[in-house]
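To start, the structure itself, in structure tokens.
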Amino acid sequence: MARYNPKDVEPKWRARWADADAYRTKTDPDKPKYYVLEMFPYPSGRIHIGHVRNYAMGDVIARYKLACGFNVLHPMGWDAFGMPAENAAMQTGRHPAEWTYENIAAMRDQLKGMGLSIDWSREFATCDPSYYRHQQKLFLDFWKTDLVERRESAVNWDPVDQTVLANEQVIDGKGWRSGAVVERRTLSQWFLKITDKADDLLDALDDGRLDGWPDNVRLMQRNWIGKSKGLSMTFDFADAASALGGETGVRVYTTRPDTLFGASFIALSPDHPIAKAYAEKDDAVAAFIAECQNIGTSEEAVEKAEKKGCRLPLEATHPFDASIKLPVYIANFVLMQYGTGAIFGCPAHDQRDLDFARKYDLSVTPVVLPKDADADAFTIENEAYVGPGALYNSDFLNGLSVEAGIQAAIDRIETMGSGEATVNYRLRDWGVSRQRYWGCPIPAIHCPTCGVVPVPEEDLPVALPDVPAEAFQTPGNPLDRAEDWVNTTCPKCGGAARRETDTFDTFVDSSWYFARFAAARDETPVDKAEADYWLPVDQYIGGVEHAILHLLYARYFTRAMQDTGWLSMAEPFANLFTQGMVTHATYKDEAGDWVFPEDVVHDEKGARHADTGAPVAVGAIEKMSKSKKNVVSPEDIAGTYGADAARWFMLSDSPPERDVEWTDSGVAGAWKLINRIWETVDEHADIAPLSLLDGPAPKGIEKDESSVALRRITHGAIAAITDDIEGFRFNKAIARLYEFVGVLRKSANIDNWVRAEALSALTRLIAPFTPHLAEECWARLGGEGFISSAPWPEADATLLKKDTVTIGIQINGKRRGEIGVPADADKAATETLALNDATVKRHLEGATLRKVIVVPGKIVNIVATPNS
RNA sequence: GCGGACGUGGUGGAAUUGGUAGACACAACAGACUUAAAAUCUGUCGAUCGUAAGAUCGUGCCGGUUCAAGUCCGGCCGUCCGCACCA
């Protein structure tokens, strides 16, 4: 008997699948479709064990649905634009395109080595001009449809690298790469008006359209959109004539208009136009604003920053009581981007306002009285009261609840004409401009005469100019310096003009790739009829780290494509599964440098370096990352044990949504099982081939106990594993397979037909997990064609019913034994059987029976009290 | 600070609606085979007591509901994730 050798077997089957074009998908309106998609990878260089987990999960679903008779689409491509390619260009002097396409080639080979059922004919990279030209077309359509806006916006500017940085790239107020202090600059940027769709993006989270999404992702999106209902209102200036900036009052936004009588100051954002007007006339104000801008936008900075303000020579009149004058400050904690960029401060009921009021010695008037509190004794010390209660100190609002007070205050302000109920979102419009070379060029032209003009469609694509690799050694965007490319003529007036040199945020690239996979056409972004057949994606699988941005942008983009007539649905992903990360222990040597796990040995003295013997510190178990060196190469594993073993291990033990720690012993366990299956199949191939199943079941097997027992196990396994795959419980499906194999190996004297039935089922059940092994087993058993085209096994319901069941017996809630009862025994019969059980009798001696609770098929609980 | 998830043997984890806690696997230990080792196979494996039958305890901690709680409720403790000066 030959030992199973994946090094020969796996490439053989992959070659045969490829020759037969086994996973090529065609649109077929007569068949039900199923679109499985895993988030496409960034071509960083090598595939990572996390990719193996992600794509193995998708492949299980794809192969399972294929076996169930669905027309399955399971494509793959590359999210290929982005910063790492430019960083590599800076470090290695290689052109981003060269680096990227080389990585793609290497990773494609690796992925193919996993034996995934992917339709490779649909592959593309987002950096292919044949992809991004359509993205440019979509953008032009969005522009025409008023989904796009050009607007000034503050950005983090790195003065050394001369580029815009994302917030995540600003560390302690400094550029992550250059270390230079980041400046805030205002640039004209392109925006997609996602806030216009905020309500629908929010509604869809709860109205059933996204029932196939995990609750936590929906919640994160809800919080991110952050809808709040409140009041926008104007506080008039007491001496409007002397106010700078040409305004007679200031507009504020509040969600707590019920606390208006507790107002003690007005605060403006340092970026507020009125603040800026004063800064021009007053150096102290200008200095304060400059100081605020230096704090930076990072979270830590914001958290530590003390509340500070700068008093303006200005007072506002209280709308409900003209005798109350409120001082106006510029305050560092007020954000220009949210609401109106100005607030009224009510220190008693807002912690920030209270901190500010204490610092500047402003009045603190409580206006909400907690239930059971005494109005005379209730005071605010250093903690604002934000809970419910009854309004007081509040004139016409007195006695109302917070909710009723909010409404009453809004009504009064609206009647007075000085404000109106307003909805605000935390979500901001999506700035898509990046001052980068390696991205999709934004198809716009700047003309000194005509302004910003769209590139005519017939001129698409606006292809990236071929700049030399050395261009990346100079700070700044190489596109700015590509004079031949930048200088062009205006499509409107024909005069000299310049191209837009910003490229799209790479999130744009990944916001519609799923549609392109399904319905690509050379001349249009998608074919609508084909997109209607395939979309939405039935099962989308990826990391939870994309729970907010990518998924929200893709949802927005689908709506925008609906508005522009390219698609006919709003939601791109019907079902979403977020899988956990693959983690591994980290190691550091005495110098504090990371050490690869393969260089670490464990002995009685602890962890040491394999070569030097120097002690190594064992660090936290973390997500595998190159920088921490805690990576395991999938190629090594596949080389030793085969792709099937790697896939099997990645899916066993841990629930798919949870993080899994990589261990070497785990893969060895997978390898053992693969061999056991092969041996079992090989031993039976001649005596129990699949051809036996062409004939009818032998007479009398329904009376043969061991045959019936094995058939029950076979059909029980089919039912349970099917259910587990449907529910993404791959770890449980695998546990079931272990059990099934264990029983089958010990089935020596059972009828061959019954064993052939079990082997047929087993082979088809493992096919989604270990496709190469399954094909080899299928062929060995004499199966016809690929197992990938064999139908999924069906469980025989009559074999799932049990004749007798074992149920537990409790006495006073404690388990005292178990009995076998007929499966259809009623309560009375079960109770009689239980009470006649010897153990039960023994326990009931000297006690009085009080009550017997029977849950048929599950448990009997006998309540008794001792006689004393 | 706000929102959410989770906490079960030495380990990963099962127990889907309250109903026999610990399936399946890893590690460990013992045995078989072997000159030996590896591989493979067999067995043991929550804790305590007991030769055994069995008994008692046991799902982060404290309390509650119930005939019955890992599961439900209240209060703590801990870990992880998301958001974070959002008015």
Side-chain angles (χ1 to χ4, degrees), chain A residues 3 214-217 219-224 226-228 230-231 252-257 259 267 269 295 299-307 331-335 337-346 349-353 355-356 386 424-428 544-545 547-548 580 649 652-655 657-661 663-673 675-676 679 723-724 727 729 731-742 745 806-819 839 842 850-864:
Chain A
R3 197 167 164 80
D215 290 343
N216 64 330
V217 174
L219 182 72
M220 280 190 243
Q221 294 221 343
R222 196 174 303 129
N223 292 341
W224 185 262
K227 182 175 183 169
S228 74
L231 170 70
V252 304
Y253 175 74
T254 178
T255 56
R256 292 294 302 275
T259 64
S269 163
I295 290 172
E299 288 157 25
E300 308 93 279
V302 159
E303 194 177 1
K304 285 176 202 151
E306 195 188 349
K307 307 273 175 291
N332 62 352
F333 64 94
V334 181
L335 305 173
Q337 307 93 315
Y338 188 79
T340 60
I343 61 159
F344 80 81
C346 175
H349 304 293
D350 183 288
Q351 192 59 46
R352 293 157 304 178
D353 296 348
D355 295 345
F356 191 83
V386 296
N424 245 294
Y425 299 95
R426 190 190 159 282
L427 180 71
R428 294 183 218 153
V544 74
E545 66 272 21
I548 296 173
F649 170 57
S652 38
D653 294 345
S654 283
E657 67 277 11
R658 223 177 284 180
D659 290 353
V660 59
E661 191 192 352
T663 59
D664 291 334
S665 52
V667 214
W671 168 240
K672 256 199 304 205
L673 180 89
N675 278 294
R676 260 186 243 163
E679 277 168 24
D723 195 44
D724 286 337
R729 294 179 294 263
N731 54 324
K732 288 181 65 185
I734 281 177
R736 279 286 190 163
L737 283 166
Y738 271 104
E739 278 179 294
F740 186 25
V741 173
R745 288 172 77 212
T806 306
I807 64 172
I809 300 184
Q810 296 176 330
I811 292 168
N812 293 329
K814 276 190 178 79
R815 182 180 177 276
R816 294 298 177 185
E818 57 185 37
I819 52 167
T839 325
R842 184 161 52 77
R850 299 285 175 202
K851 197 175 178 186
V852 179
I853 290 132
V854 179
V855 183
K858 295 225 164 134
I859 205 153
V860 177
N861 191 12
I862 298 164
V863 185

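These figures come from a predicted structure and were not determined experimentally. In what follows, every chain begins at residue 1, and chains take the letters A, B, ... in the order their sequences are listed. When reading the values below, keep in mind they use all heavy atoms of this one structure, side chains included, and skip hydrogens, waters and symmetry mates.
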message: What I'd like to find out is whether the side chain of Phe333(A) reaches to under 4.5 Å of the side chain of Asp353(A), using heavy atoms alone.
response: yes

Which pairs, protein N/O on one side and nucleotides 56-58 of chain B N/O on the other, fall under 3.5 Å?
from: rU56(B); atom 1: OP1; to: Arg816(A); atom 2: NH2; distance (Å): 3.4
from: rU56(B); atom 1: OP2; to: Arg816(A); atom 2: NH1; distance (Å): 3.0
from: rC57(B); atom 1: OP2; to: Lys814(A); atom 2: NZ; distance (Å): 3.4

message: By nearest heavy atom, map Ser654(A) and Asp350(A) onto RNA chain B; which one lands nearer the 5' end?
response: Ser654(A)

Close N or O pairs between protein and nucleotides 9-11 of chain B (under 3.5 Å):
none

- line: Heavy-atom nearest pair, Ile859(A) first then Gly808(A), reads CG1-O, 3.4 Å

query: Could you give the CD1-to-C1' distance, from Ile853(A) to rU20(B), as a whole number of Å?
result: 16 Å

message: Once you apply a heavy-atom cut-off of 4.0 Å, does Ser652(A) come out as touching a base, just sugar-phosphate, or nothing?
response: nothing

- prompt: Roughly how many Å is it from CG in Asn332(A) to P in rA84(B), rounded to a whole number?
  reply: 18 Å

query: Counting only Watson-Crick or G-U wobble pairs whose two distances fall under 3.5 Å, which nucleotide matches rG22(B)?
result: none

query: Asn812(A) has an atom CG; how far is it from atom P of rA55(B), in whole Å?
result: 14 Å

query: Just checking Leu219(A): base, sugar-phosphate only, or nothing, at a heavy-atom cut-off of under 4.0 Å?
result: sugar-phosphate

field: Result of checking Asn332(A), Leu335(A), Ile343(A), Val334(A) against Ser269(A) for side-chain contact (heavy atoms from CB on, under 4.5 Å)
entry: Val334(A)

field: Inter-nucleotide P distance (rG60(B), rG12(B)), Å rounded
entry: 14 Å

- prompt: Distance between the P atoms of rC72(B) and rG7(B), in whole angstroms?
  reply: 10 Å

- request: Please report the shortest heavy-atom distance between Ser654(A) and Val660(A), naming the atom on each side.
  value: OG-CG2, 3.6 Å

query: Hey, is the side chain of Tyr338(A) poking within less than 4.0 Å of OP1 or OP2 on rA87(B), counting only N and O atoms?
result: yes

- prompt: Which part of the nucleic acid, if any, lies within contact of Arg850(A), taking any heavy atom under 4.0 Å across all strands shown: a base, the sugar-phosphate backbone alone, or nothing?
  reply: nothing

- line: 5'-most contact on RNA chain B (nearest-nucleotide basis), Trp671(A) vs Lys851(A), goes to Trp671(A)

- request: Could you give the distance separating rC62(B) and rU11(B) at their C1' atoms, to the nearest angstrom?
  value: 29 Å

- request: For Asn861(A), answer base if it contacts any base atom (sugar-phosphate contacts may also be present), sugar-phosphate if it contacts only those atoms, and nothing otherwise; contact means non-hydrogen atoms under 4.0 Å.
  value: base

field: Same-atom distance (P) from rU71(B) to rG19(B), integer angstrom
entry: 11 Å

message: Roughly how many Å apart are rA47(B) and rU59(B), using the P atom of each and rounding to a whole number?
response: 15 Å

query: Can Ser228(A) and Tyr253(A) be counted as having a side-chain donor-acceptor contact under 3.5 angstrom?
result: yes

task: Please report, rounded to the nearest Å, how far the C1' atom of rC81(B) is from the CE atom of Met220(A).
output: 7 Å

message: Without decimals, in angstroms, what is the distance between Gln351(A) CD and rG1(B) C1'?
response: 9 Å

statement: Any strand, both distances under 3.5 Å, Watson-Crick or G-U wobble: rG78(B) pairs with rC6(B)

Between C1' of rA55(B) and CD1 of Ile811(A), the distance in whole Å: 14 Å

field: Same-atom distance (C1') from rA15(B) to rG1(B), integer angstrom
entry: 38 Å

task: Scan Val334(A) against the nucleic acid and name what it touches under 4.0 Å (heavy atoms): base, sugar-phosphate only, or nothing.
output: base

field: Sugar-phosphate, base or nothing in reach of Val863(A), heavy atoms under 4.0 Å
entry: sugar-phosphate

field: Separation of atom OH in Tyr425(A) from atom C1' in rC83(B), rounded to whole Å
entry: 19 Å

message: Looking at every heavy atom in both Val544(A) and Asn216(A), which two are closest together, and how far apart are they?
response: CG2-ND2, 4.3 Å

message: Less than 4.5 Å apart, side chain to side chain, heavy atoms only: is that true for Ile811(A) and Ile862(A)?
response: yes

- prompt: Which value, in whole Å, describes the distance between the C1' atoms of nucleotides rC29(B) and rG10(B)?
  reply: 12 Å

Base-pairing mate for rG1(B) - Watson-Crick or G-U, with both contacts under 3.5 Å: rC83(B)

Distance in angstrom units between Lys307(A) NZ and rG1(B) P, rounded: 14 Å

message: Can you check the distance between rC33(B) and rU42(B), where both ends of the measurement are the P atom (answer in whole Å)?
response: 15 Å

- prompt: Is the phosphate of rA84(B), meaning OP1 or OP2, less than 4.0 Å from a side-chain N or O of Arg426(A)?
  reply: yes

- prompt: Paired with rA28(B): which nucleotide, if any, by Watson-Crick or G-U wobble criteria at under 3.5 Å for both distances?
  reply: rU44(B)

statement: In this structure, CD of Glu657(A) is separated from CZ of Arg729(A) (nearest 0.5 Å) by 10.0 Å

Could you list all N or O pairs between the protein and nucleotides 23-28 of chain B that sit under 3.5 Å apart?
from: rA23(B); atom 1: O2'; to: Glu739(A); atom 2: OE2; distance (Å): 3.4
from: rC26(B); atom 1: OP1; to: Lys672(A); atom 2: NZ; distance (Å): 3.4
from: rC26(B); atom 1: O2'; to: Ser665(A); atom 2: OG; distance (Å): 3.1

query: If you look at every heavy atom in Val386(A) and His349(A), which pair is closest and at what distance?
result: CG1-O, 3.6 Å

query: Should rA36(B) form a Watson-Crick or G-U wobble pair with both distances under 3.5 Å, which nucleotide is its partner?
result: none

- request: Indicate yes or no: at least one non-hydrogen side-chain atom of Asn812(A) is less than 4.5 angstrom from one of Val863(A).
  value: yes

query: Side-chain N or O of Arg222(A) less than 4.0 angstrom from OP1 or OP2 on rC83(B)?
result: no

- prompt: Looking at the angle O4'-C1'-N9-C4 for a purine or O4'-C1'-N1-C2 for a pyrimidine, is rG4(B) syn or anti, with syn meaning within 90° of 0?
  reply: anti

